[in-house]
2 protein chains.
Amino acid sequence: MSEDDRTVARERVIESMEQSAEVYGLSRSAGRIYGVLYFSEEPLSIPELVDETGYAKSTISNVTRTLTRIGLIHRRSSEGGGRRVHYTAEREIWFSLQDVFQQYVQREIQTTLRTIQRAQAQLPDDNDTEAARIKELQQTYEDLQEIVTLTSNFTAAELRDALESYDQ
Amino acid sequence: MSEDDRTVARERVIESMEQSAEVYGLSRSAGRIYGVLYFSEEPLSIPELVDETGYAKSTISNVTRTLTRIGLIHRRSSEGGGRRVHYTAEREIWFSLQDVFQQYVQREIQTTLRTIQRAQAQLPDDNDTEAARIKELQQTYEDLQEIVTLTSNFTAAELRDALESYDQ
DNA sequence: CAGTTTGTTCGGCTCACTCCGAACAAACAA
DNA sequence: TTGTTTGTTCGGAGTGAGCCGAACAAACTG
């Protein structure tokens, strides 16, 4: 078990995180920065992240801001009370990823549902095709809305359990 | 209830579909084309879609191909046996959207999980930090994997029911 | 047959996004 | 004070994706 092996393994996983980041609507740099922080023994400052990732200082600054807002990393002022800030990775990523997911999906579901409901109100009891189709949509989106809302209260393990136990 | 009102309501919903399409990793044009087909009384050909959407013929051709592959719309040869093809919207969108979702998420989860498992195998029982963190990741991704797999077997209503009934 | 319509493919344009580097502000050190 | 370090903001270069129009192939119509 050489040091090299460990480095290679870590690098592979971080590359996976870069890929995953794109799926969640984040940039590759966000994936790498999170990955470096995830494996780091101690909190890292922006200059240290510059060294570790090779990205420009400005990129680190911007990406850490969004990652902090999302909750995937945490920003901590240095112990000495100095200006230097340090970042750590949130290791319990489940809820953070859910938050990201919510920002991208639930927000969309909600606005769509609102639009549908407003359209539905404009076309009342008219049983023409438009109204009927919009009503179908409304049902689906209401289910979706409820699912996402319920999901956000569960941990990954609970969710898994809920689905497995429902298996009729 | 004027014709205008109906048109406006339909247009609003279609705009929502454009937005939604982006969330699912599709283009806005895909959302609009699906929306037009969704509300259309009869199947539409490519020239008709050009008229309805304002997109170029080539765009319609490309987008209909991907939407057909995904399963969100269906391609039908005309009754006369002619060359003209017609498209209809799949109205039971739940499973189609799940497929899209799978292509974007489950595929990513699987490759990530494979990478993690390989890294894990390379760093056996070494209880250093790297190995421990990779193991944490592995657990989360295995849960994720299982959740997505289970989810794909349920309808929206079933899923909703499963989550609601699990509420302890 | 020639002319028209339908559908696909290809090259190019545009726009948005990512990232970089420079400039700047703020806090510290000598 | 002046010089150094840290962090943010802004403008711009590079890149990829979406969309268009032209060219082409295939099938119909006269």
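In what follows, every chain begins at residue 1, and chains take the letters A, B, ... in the order their sequences are listed.
Side-chain atoms of E142(A) do not come within 3.5 Å of backbone N or O of Q139(A) as any donor-acceptor pair. No donor-acceptor distance shorter than 3.5 angstrom exists from the side chain of S40(B) to the backbone of P43(B), with no hydrogens or angles considered. Q98(B) places a side-chain N or O within 3.5 Å of a backbone atom of T151(B) that can act as its donor or acceptor partner.
Remark: E15(B) pairs with no residue by the salt bridge (charged side-chain N to carboxylate O under 4.0 Å, His left out) rule, at least two apart or across chains. Applying the salt bridge (charged side-chain N to carboxylate O under 4.0 Å, His left out) test to R133(A) and every residue at least two apart in sequence or in another chain returns nothing. L144(A) meets the side-chain contact (heavy atoms from CB on, under 4.5 Å) test with I109(A), Y141(A), Y24(B), W94(B); sequence neighbours excluded.
Using a 3.5 Å distance cut-off with no hydrogens or angles, the side chains of Q106(A) and T149(A) do pair a donor with an acceptor.
To the nearest angstrom, C1' of dA29(C) lies 14 Å from CZ of R84(A). Residue H86(B) contributes atom NE2, which lies 11 Å from atom C1' of dT6(C) at whole-angstrom precision. In this structure, the CG atom of L44(A) is 16 Å from the C1' atom of dG7(D), given to the nearest Å. Atom CD in E22(A) sits roughly 13 Å away from atom C1' in dA17(D) (whole-Å rounding). Between the P atom of dT8(D) and the CG atom of L67(A) lies a distance of 13 Å, rounded to the nearest Å.
Within a heavy-atom distance below 4.0 Å of DNA chain D, the residues of residues 27-39 of chain B found are S27(B), S29(B). For DNA chain C, the residues of residues 49-62 of chain B within the heavy-atom distance limit of 4.0 Å (strictly under) are K57(B), S58(B), S61(B), N62(B), sorted by number.
The list of salt bridge (Lys or Arg N to Asp or Glu O under 4.0 Å) pairs with a residue in residues 26-36 of chain A, not counting sequence neighbours, reads E11(A)-R32(A), E18(A)-R28(A), E18(A)-R32(A), E22(A)-R28(A).
Not one side-chain nitrogen or oxygen of R65(B) sits closer than 4.0 Å to the OP1 or OP2 atom of dG7(C).
Comparing dG7(D), dT9(D), dG7(C) by their closest approach to the side chain of I46(B) singles out dG7(C).
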